[in-house]
Number of protein chains: 2
Amino acid sequence: MSLRADAAEKRQHIIETAYRLFKRDGLHATGIDKIIAEAGVAKMTMYRHFPSKEVLIVNVLDWRAEHFRRQLDMLLEPVATPDEQIVAIFDWHERWFESPGFHGCLFQHSLAEYGTPGHAVFEAVSRQKHALKQRLQDILEQTLPEERAAVFANTLFMLIEGATMLAHLGQGKMAVASMRKTASALLFSADRLQ
Amino acid sequence: MSLRADAAEKRQHIIETAYRLFKRDGLHATGIDKIIAEAGVAKMTMYRHFPSKEVLIVNVLDWRAEHFRRQLDMLLEPVATPDEQIVAIFDWHERWFESPGFHGCLFQHSLAEYGTPGHAVFEAVSRQKHALKQRLQDILEQTLPEERAAVFANTLFMLIEGATMLAHLGQGKMAVASMRKTASALLFSADRLQ
DNA sequence: TATGAGATAGACAGGTCTGTATCATTTAGG
DNA sequence: CCTAAATGATACAGACCTGTCTATCTCATA
């Protein structure tokens, strides 16, 4: 195993440790010292890989966005119809909400702490949220006309974000159930009332 | 004007100044020194009214929740039907999203920074969000059976929270438009497909 | 006018923050 | 084995944080 591979592994380990702490305690509330202590690396190692905390945050967000994107790929690949794909996304969120250590969405949290347009963290959040919305729209455009798909994608996106917040407040079960019923009703009316 | 009235005014002035800074810059990112400088009061004045920053935060949130509740009262009082009341709430949010200095929802931000159940800030957020959801449910129960009203209230709540986040990301117009269309479709299907 | 409560400005303590510097140690490859 | 890069441990600088304390000022009321 070469030095370069070790360095890459260490870099990734720092990112994943920071992700866990950022998600649980918040961005400002998590200090560099806590991250390196939890990751078991020296401070200079961290600063060699990431020139500042802000750069580390953006790297954590970008890694997590890519991780989520790949998870969706694997989740949706074996699912045939668009409707079933939407249901699969709901299922995934339901499992997430009930997973141990669930503490809300790091992208939402980051938007709260760095909510100024143009800031690197804001833009990283914007990229991820836009990608999720676009993904929903791509699925829906397989069965709905473009404008309808866009509105429906916005709606599903807002429902998912709202459900994530409700889950953080301890009402994930109820949120997912309502989200499912609403999506069913909308798909039903889209079929019948078009 | 008595000393007591002066003190109450000063206390309220601190709360409103802190609200503005917390909303714009975040909770951890806003220091006591910045609050008192912006409010033009001495540090001891602030600590006489609020024994700690955490207590100040909770007071800001509770004041803002009450302020929002009163705004809704005034907004909905002259509106006759439940459907029109829902539309009025959408209208209010649309105006909010476009108001100068809109920077997302302070309650969402606070949940991101103090997201641990049991924490005083978490509980303050929980109270406000639950109150909004309950209010939506009360409106809907005037025309829908209880269980349907509950699901619909959850849905509208999630849409509103998601729309607020999208507005923070600069897509408020689109979010409100989709929210309106979805609510119309749901009300229509509720009437026709029950 | 005398009094006493509230406000002010500012220093201060003790801790934490980000980021830098130093020096010893480990480790992979020639 | 030897070298050079990477890391570990730790001290440090300078800024900022919350919260306390003091000394002075203002002002309504008794």
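Ring geometry for A:Phe102 against A:Phe97 counts as tilted: the plane angle lies between 30° and 60°, on a 0 to 90° scale.
Listed pair A:Thr45 / D:dG8 meets the phosphate criterion, a side-chain N or O lying under 4.0 Å from OP1 or OP2. Under 4.0 angstrom from either OP1 or OP2 of C:dA7 there lies at least one side-chain N or O belonging to B:Arg48.
Atom NE2 in B:His49 sits roughly 12 Å away from atom C1' in C:dA5 (whole-Å rounding). When rounded to the nearest whole Å, the span between CD1 of A:Ile35 and C1' of C:dC17 equals 12 Å. When the P atom of C:dA9 is taken as reference, atom CE of B:Met46 falls 16 Å away, rounded to whole Å. Atoms CZ (A:Arg11) and C1' (D:dA6) sit 15 Å apart, rounded to a whole Å. Straight-line distance from the CG atom of A:Leu56 to the C1' atom of C:dC17: 15 Å, rounded to whole Å. Rounded to a whole Å, the NZ atom of A:Lys10 is 18 Å from the P atom of D:dA5.
In terms of the salt bridge (charged side-chain N to carboxylate O under 4.0 Å, His left out) criterion, residue partners of B:Lys43 (sequence neighbours excluded) are, by chain and number, B:Asp33. B:Glu161 meets the salt bridge (charged side-chain N to carboxylate O under 4.0 Å, His left out) test with B:Lys129; sequence neighbours excluded. A:Lys181 pairs by the salt bridge (charged side-chain N to carboxylate O under 4.0 Å, His left out) definition with B:Glu147, not counting sequence neighbours. In this view, B:Glu66 and B:Arg69, B:Arg70 satisfy the salt bridge (charged side-chain N to carboxylate O under 4.0 Å, His left out) rule, not counting sequence neighbours.
Put simply, NE2 on B:His130 and CG on A:Leu166 are 10.0 Å apart, with the number rounded to the nearest 0.5 Å.
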Produce the list of close N/O pairs, under 3.5 Å, pairing protein atoms with atoms of nucleotides 16-23 of chain D; give distances to one decimal.
{"residue": "D:dT18", "atom": "OP1", "partner": "B:Lys53", "partner atom": "NZ", "Å": "2.8"}
{"residue": "D:dT18", "atom": "OP2", "partner": "B:Ile32", "partner atom": "N", "Å": "2.6"}
{"residue": "D:dG19", "atom": "OP2", "partner": "B:Tyr47", "partner atom": "OH", "Å": "3.1"}
{"residue": "D:dG19", "atom": "OP2", "partner": "B:Lys53", "partner atom": "N", "Å": "3.0"}
{"residue": "D:dG19", "atom": "N7", "partner": "B:Lys43", "partner atom": "NZ", "Å": "3.1"}
{"residue": "D:dG19", "atom": "O6", "partner": "B:Lys43", "partner atom": "NZ", "Å": "2.6"}

Return the polar atom pairs (N/O with N/O) between nucleotides 24-26 of chain C and the protein under 3.5 Å, or none.
none

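Ring centroid separation for the pair A:His28 and A:Tyr114 comes in under the 6.0 Å cut-off.
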Practice problem: Could you go through the side-chain contact (heavy atoms from CB on, under 4.5 Å) check for B:Glu123 and B:Arg127 one step at a time? | Solution: CA-CA 6 Å; B:Glu123 298 302 326; B:Arg127 283 194 297 275; 4.1 Å; yes

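A donor-acceptor distance shorter than 3.5 angstrom exists from the side chain of A:His13 to the backbone of A:Ala39, with no hydrogens or angles considered.
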